[in-house]
Structure formats: C-alpha cells, structure tokens
Number of protein chains: 2
Amino acid sequence: MRSKMTAQHIYQSLRSMILDLELAPGSRFTETQVADYFQVSRTPVREALQRLEVEKQITIRPKQGCFVRVVDIARIRDYYDVRVAIETLAVRLACVHMPDAALRELATQWDPANLFFGAESSDRIKLAEEAFHIALAQGSGNEALVRYLTDINDHIRVVRRLGWPDYSSIEDTYAEHHDICRLMLNRDAEAAEACMLQHIRKSQTRADQLTLAQLSEPARNPFAGTALQ
Amino acid sequence: MRSKMTAQHIYQSLRSMILDLELAPGSRFTETQVADYFQVSRTPVREALQRLEVEKQITIRPKQGCFVRVVDIARIRDYYDVRVAIETLAVRLACVHMPDAALRELATQWDPANLFFGAESSDRIKLAEEAFHIALAQGSGNEALVRYLTDINDHIRVVRRLGWPDYSSIEDTYAEHHDICRLMLNRDAEAAEACMLQHIRKSQTRADQLTLAQLSEPARNPFAGTALQ
DNA sequence: CGATGCAACGTTGTATACAACAGGTGAAAA
DNA sequence: TTTTCACCTGTTGTATACAACGTTGCATCG
C-alpha cells in the first residue's frame, strides 16, 4: 500500500526535525519551502503540517507561515504532572494485565548487570528509555493511555535530549527500570507505582535544571536554502 | 479573520454529528458526499476529516471511504480509567490555583437549591455537566490536562447522551458538584479528590449499563441523498 | 520629522483536474 | 457449476491554478 506514503513521510520527517531541535523553536517556515525541500506539491505538505498543528508541535498563522512551537519550561512541568498521573495508572493496570513473559523480557533488558556489555550509545539509551515507558503503557491494554503518553513524550523529549548529564544517572535508570519490573512481576502494584513515581520525579528534576539558554541554543533552518537547489 | 472558516465549520459540524450520533457509528461516507452537502470543494473537507482521524473519531481507509468510529464498551471503560487519573489530578491542582471567586460561581451554579428554579432541559444539563469538569481542568492551569480531558469527553459523550436514566441522578449530580466546590473552597484537596473519584465512578456505572443495542440503535446517513439537491 | 494611506508582495485558503489504486461485476473457460 | 481474469467504477492521493488576506515598504501629506 503506497497510498498516503508521501504525506506520512513528510509528517514523520518534520516531526523528527522538530523533536530533535533541528528546526529551531520559534523559527518560521512556509508550506512552499517544505514542498520544495521534499520535491512534492503543497497538498501532502499541508496534511503533515495540519497534523503537527493538532499535536501542538507547530502553529499555523493564516497568511503568515508556520512557526515551530517554543519550549516553555512551565509547560514542561505541566506535562510532567500529567505524565505522573498517566504512568502510575499504566503501572497499576499493567500489573494486572501484562504477562510475566513480557515483564521478564523488560527486566532482562534493563538488568544493571547487562549495562556494561553493550557500551550503548547515549542516543540509543534515550530511545530505549522512552520505549520502556511506552511498553508498560501498552502492557496496560489501554490504548487511550498509550496515545496520551506518546503525546506527552513528544513534548518532553527535549529533556531526554539535553538533560542527561552524567553516567551515574544512566546507572540509576537501569536500576530503577529493573526494580519496577521486579515489583510488577511480584504483582505489587502499590510498590511499583511508588517506584515509578520516584523515577519520573527524578527525571523532572533534570527538566527543572534545564536553562533557557540550553533550550534556545541551536538554530539554523534546514529549509532556508532550498530554493537554490 | 475569516481565514480557514470553511474547514473549521465543517470540522465542528461533522464532529457534532458524530458525537450526537446523527452519523451512525460504523457508517461510511465519502469526501465528495460531504463536499456536496456543504457546497464546498474537497480541500477543506479533507482538512476536517484528517483532523477527525487524528482524534480517532473516524477512520479513513485509502481508496475506500471514511468510517465513523464504532463505539466499543471496553474502550469506554479505558477512557473512564484515564479520566479518573486526569480529573483527580485536575482537582488537586485546581485546589491550589483556582481563585475563590471562580469556585464560588461554580458552587452557586450547582447549588441544589437552584435546581428547581430553571426546570432545565435535559440537553442543557448534559452540556453544563461537561462544562463543569472542563472548568475545573482549566482551573488547574494545566493546558495539556484540558486538552486530554476534552479528548476523553469526546469519546465518552455517548454515555452522557444515552445513559442518564432518571431525575434522581440529576439531583445527585448537583449535590456532588456542589460538594466538590465546597471542599475545594476549603482547599481540602484530598477530600475533593475522593469526592470527584466517587462522582466519576458513579457515572461509569451508568456507562457499564449501556447495552450494545442502545449504542447501535440510531442510523440514517445525512449525506445519503445530497446528490439530488 | 512623524503619521497615514496605498500598492506590491508573500503566504495560506480554496477549487479543480488528473493519477493511482481497491473492489465489484461480468463474461469466458475449465 | 465453479473459477479466473480482465475491465470498469468509485474513491482517495497528488499537483496546480486561482483567490483572499496580512504584511511590509515607500511615498505622500500634515
């Protein structure tokens, strides 16, 4: 099925650019620029942009252009508050519905003993960290929960991107993920919830330490010079 | 600013039709049908439909058509579980951030003493009920929370629509809303949270009593005969 | 020198034409 | 009778042309 692949591709590409800060927050671009960049017409570009606007990743100002969402630290706090509520619910539900096999697999993946084998790249860890939380949400069997958590992740990814200072926090992450899995295998929902809460709050302190300078540091607009090619 | 009014209007109209069950769940329609119905081209229609698809109100099957989402009772339970988590958080936050004036206004509106004055219509009550919960979410000062709760409401509205059996439940609603406001005015977050939890769970029992027969009863496709006009 | 109006430009909103593909229908062959 | 296959129709995906509107810059007037 090749239908709608163009719009989908553009959507995912733009989304990655925004989440990875390749497009500077607050910067402006136009539909035509993106269309020229991807060598397509404006139609599939518009579809991608409209979806990104619904997700509040960009703002489309009529007759003016598209603007990448600005990172507001206060808003990130908001997302973290919701995330705590969402993920503690996810753990509680997954404690009931997630099969042992899936939990054991996660526990193995995040066993601190396996930490030194791979010498994993930092980027890979960040992706895996996000995948871990999504996996638990999926284990809850609640699709809406997965959808909201995905949206939250899209808005706080900048914290995972920039705010992972030292190696010890990676060690901590392994230990905490492992603990959560163990508690869930014991079907101890309360303890697992508490552990998840601490885990997220610790991440939130990293978010709080992000400065505005860090957030507004990269720049450059990939679409700037497309007309010349 | 008249820009984008067409697409916006079509989006809101379609959304209302779906939420009010004027479009039968599972029924099929095409972009052209909607375009003819509203006397516009397919372009703004597509924008509205794509947004509805993101919100999971419809499914667009390439080269086949658009299908109104089917109401799945299990999924409604899912949304209720998330709603409890979201709204208890909203109450907790609003207890801190919401000014007394706003809370007093809500308390007055839902004072059981005022119940008999208006002889309110059933539809009006249902709208007000939803507005009450949104108001508390807005009082939390957390925009993401408002966004998610709005999405949840869009998916469980069928319960408010069909599952409001008797007059006593309206009385109960007034009393519970009033209690929540009073507790929040006392800044007693724990009690207010507990009250909200009970309030939502009671609504959930109404949802559980909905039968598949009730959900699949209305039919008719408003777009069926548009070509003749 | 400042304010105001106007015109040209850039950008998105909408309409329309065409392309690509899924599904059904019918006839023909086994 | 059953199966297969080609064709036709309907529907969405994409490209492009045009319209409406906001912005900006400059010239003109006070």
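Order of the sequence lines sets the chain letters (A, B, ...), proteins ahead of strands, with each chain counted from 1. Values in this document were obtained by computation on a predicted structure and should not be read as measured data. The basis for the numbers below is simple: all heavy atoms, side chains too, and nothing from hydrogens, waters or symmetry mates.
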Does [X] have a side-chain nitrogen or oxygen under 4.0 Å from the phosphate oxygens OP1 or OP2 of [N]?
X	N	result
B:S41	C:dT16	no
B:Q64	D:dT12	no
A:R42	D:dT16	no

B:R160 and B:N153: side chain donor to acceptor below 3.5 Å: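 Note: B:R160 and B:N153 side chains meet the donor-acceptor criterion.
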
Measure from [atom1] on [X] to [atom2] on [N] and round the result to the nearest Å.
X	N	atom1	atom2	answer
B:D36	D:dG10	CG	P	14 Å
B:R28	C:dA22	CZ	P	15 Å
B:K4	D:dG22	NZ	C1'	15 Å
B:L49	D:dT12	CG	P	8 Å
B:R46	D:dT11	CZ	P	14 Å
A:I60	C:dG13	CD1	P	7 Å
A:Q50	C:dT14	CD	C1'	12 Å
A:F38	D:dT14	CZ	C1'	16 Å

Basic-acidic side-chain contact under 4.0 Å: B:R201, B:D81: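 Salt bridge present between B:R201 and B:D81.
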
Pairing of B:E53 and A:K4 as salt bridge, 4.0 angstrom limit: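 A:K4 and B:E53: salt-bridged.
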
Contacts under 3.5 Å, N or O only, protein and nucleotides 24-26 of chain D:
none

Proximity to the side chain of B:P62 - top-ranked nucleotide from D:dA15, D:dG13, C:dT14: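 Shortest atom-to-atom distance from the side chain points to D:dG13.
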
Please set out all donor-acceptor pairs under 3.5 angstrom arising from side-chain atoms of residues 92-103 of chain A, sequence neighbours excluded.
from: A:R92; atom 1: NE; to: A:E193; atom 2: OE2; distance (Å): 2.8
from: A:H97; atom 1: ND1; to: A:L93; atom 2: O; distance (Å): 3.1
from: A:D100; atom 1: OD1; to: A:R187; atom 2: NH2; distance (Å): 2.4

Aromatic ring pairing B:H155/B:Y79, orientation class (parallel under 30°, perpendicular over 60°, tilted between):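 Correct class here is parallel.
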
A:H177 and A:F132 aromatic ring geometry - parallel, tilted or perpendicular at 30°/60° bounds: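 Ring orientation, 0 to 90° scale: parallel.
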
base_contact_polar (C:dT12 base, A:K63 side chain, donor-acceptor, <3.5 Å):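 Pair found.
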
Crowding at CD, B:E143 (>12 non-hydrogen neighbours, <6.0 Å):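 No, not enclosed.
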
First of B:E31 and B:T43 reached from the 5' end of DNA chain D, by closest nucleotide: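 In this pair, the answer is B:E31.
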
